[in-house]
There are 2 protein chains.
Amino acid sequence: MAEVEDRRSQILDAAFEEFAAKGFKGATIKSIASEAGVNSPALIYHYFPDKEALFNAVLETHAPIRSAIENPASFMDRPPEEVLPEIARAYFATVANPTSRRMMKLMLGEAMRRPQLAEMIGRATAVRVLGFLKGYLSRQVELGRLRPHDVRSSARAFVGMLIPQAAGKILFTALREDGLEDEEHIETAVNIFLEGLKPK
Amino acid sequence: MAEVEDRRSQILDAAFEEFAAKGFKGATIKSIASEAGVNSPALIYHYFPDKEALFNAVLETHAPIRSAIENPASFMDRPPEEVLPEIARAYFATVANPTSRRMMKLMLGEAMRRPQLAEMIGRATAVRVLGFLKGYLSRQVELGRLRPHDVRSSARAFVGMLIPQAAGKILFTALREDGLEDEEHIETAVNIFLEGLKPK
DNA sequence: TACTCTCGATTGAACGTTCTGTCAAATAAG
DNA sequence: CTTATTTGACAGAACGTTCAATCGAGAGTA
């Protein structure tokens with residue numbers, strides 16, 4: 001029974017599934033144990049001090065939502081007609097990944113009732129993404145590719161434009177009924193954005 | 001003890017607070033009872049068959065997010081430079097209202113784990129708002145005030161542009177750190193949107 | 001090889017607590 | 001007196017967590 005993946009990881013995976021599906025309160029130590037294929041809930045306490053610690057360990061395991069945003073240098077000078085669709089595609093690809101999707105649901109769902117977690121997500125993800133975009137858009141204004149404007153606002157506007165389409169995939173399936181495809185949305189949205197900000 | 005507000009309403013109010021703060025699983029019948037000033041949890045079962053029914057009753061009580069969108073006729077022919085900022089302001093006003101804010105947190109938080117609830121919210125709110133916008137934007141294209149384009153996409157884009165700013169008020173307080181005010185954001189975002197869609 | 005010792009991994013059972021939901025009795029209202 | 005409201009007490013189940021006992025692989029010894 002020499003598993004390549006050790007028990008700790010099995011438990012973490014099972015806990016992730018359970019927390020994502022039922023939330024922190026809804027998932028039980030027993031259900032996590034049985035999902036992990038261990039016969040006794042007690043084993044979980046051999047690896048983690050308590051349920052809260054297991055939850056935090058799950059968050060840490062899946063936390064590094066690494067994105068191309070990590071090294072901004074390569075993007076900075078490339079034109080927005082190229083870069084913005086790439087960002088949008090990367091975003092939709094993340095949303096299309098089932099694991100990422102579960103993670104988003106888990107974090108967002110719990111964040112509603114855990115201000116501390118919300119603060120962490122806001123700082124680790126939201127602020128960082130917007131920060132990158134603000135930098136990039138400022139640079140494009142400098143380069144004369146976009147007209148001068150408030151990049152705090154345009155950064156929000158750009159990521160925001162993608163959100164309803166993403167929400168249609170994650171949560172509100174009814175939004176898919178009008179059949180708008182990701183690529184169509186990217187094209188139109190980026191077009192509106194760039195036309196709206198092109199130099200006079 | 002002849003309260004103006006009857007017991008049922010007291011219980012509903014208390015349940016709303018508790019569910020919003022702790023979620024369905026986190027809120028207990030006892031905590032709801034004591035928040036409602038009721039001395040026995042048993043009384044709750046006199047008015048509601050079980051916890052689930054109480055939860056549904058809470059949702060129904062606060063459900064009618066009535067918005068100006070209900071009678072679209074009056075908006076349809078007015079120009080987007082007027083109408084879009086009004087919609088944006090109405091949206092931010094809703095978000096600024098503490099009760100609405102709690103309701104959003106409650107519904108979104110539970111929707112992550114209740115596909116059926118997510119479906120309902122999607123249909124009752126998201127699809128309806130987008131539907132109204134699609135209709136309005138189509139009309140503006142007809143009137144020659146906007147260039148022809150895919151309104152499924154532009155409707156998503158417009159509501160989406162507002163979401164990060166709203167999220168900064170509801171959830172991710174760190175987003176407020178760059179100090180962007182609602183009115184500033186509305187002005188820039190609407191400007192991008194209209195410039196991006198103005199007839200050639 | 002055979003035997004024992006050790007120690008972490010794993011288990012079933014159980015503890016105390018808390019939860020939802022029930023009930024018969026007490027109280028208030030008409 | 002009759003009916004509706006409100007109560008405390010509690011049953012039954014599920015929860016997180018603890019614990020002593022068992023298992024199994026490896027080290028040491030003969």
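The structure presented is a predicted model; accordingly, all values stated were derived computationally and were not measured.
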**Student:** To the nearest 0.5 Å, how far apart are OG in B:Ser153 and CD in A:Glu181?
**Tutor:** 12.0 Å
**Student:** Any side-chain donor paired with an acceptor under 3.5 Å for A:Thr188 and A:Asn191?
**Tutor:** no
**Student:** For the helix from C:dT1-D:dA30 to C:dG30-D:dC1, what angle separates the axis at the start from the axis at the finish, each from five pairs, in steps of 10°?
**Tutor:** 0°
**Student:** Rounded to the nearest 0.5 Å, how far apart are CD1 of A:Ile32 and CD of A:Glu35?
**Tutor:** 9.0 Å
**Student:** In terms of side-chain heavy atoms, does B:Asn97 have a donor or acceptor partner in B:Thr94 at a distance below 3.5 Å?
**Tutor:** no
**Student:** Got a second to check how far A:Lys169's NZ is from A:Arg101's CZ, nearest 0.5 Å?
**Tutor:** 7.0 Å
**Student:** Would you compute the distance between atom NE2 of B:His46 and atom CD1 of B:Ile44 and round it to the nearest 0.5 angstrom?
**Tutor:** 12.5 Å
**Student:** List the protein contact pattern of nucleotides 4-17 of chain D with one symbol per nucleotide (5' to 3'): B for base contact, S for sugar-phosphate-only contact, - for none; contact means a heavy-atom distance under 4.0 Å.
**Tutor:** -BBBB------SSB
**Student:** Strictly by salt bridge (Lys or Arg N to Asp or Glu O under 4.0 Å), give each pair with a member in residues 44-56 of chain B just once, sequence neighbours left out.
**Tutor:** B:Glu52-B:Arg114
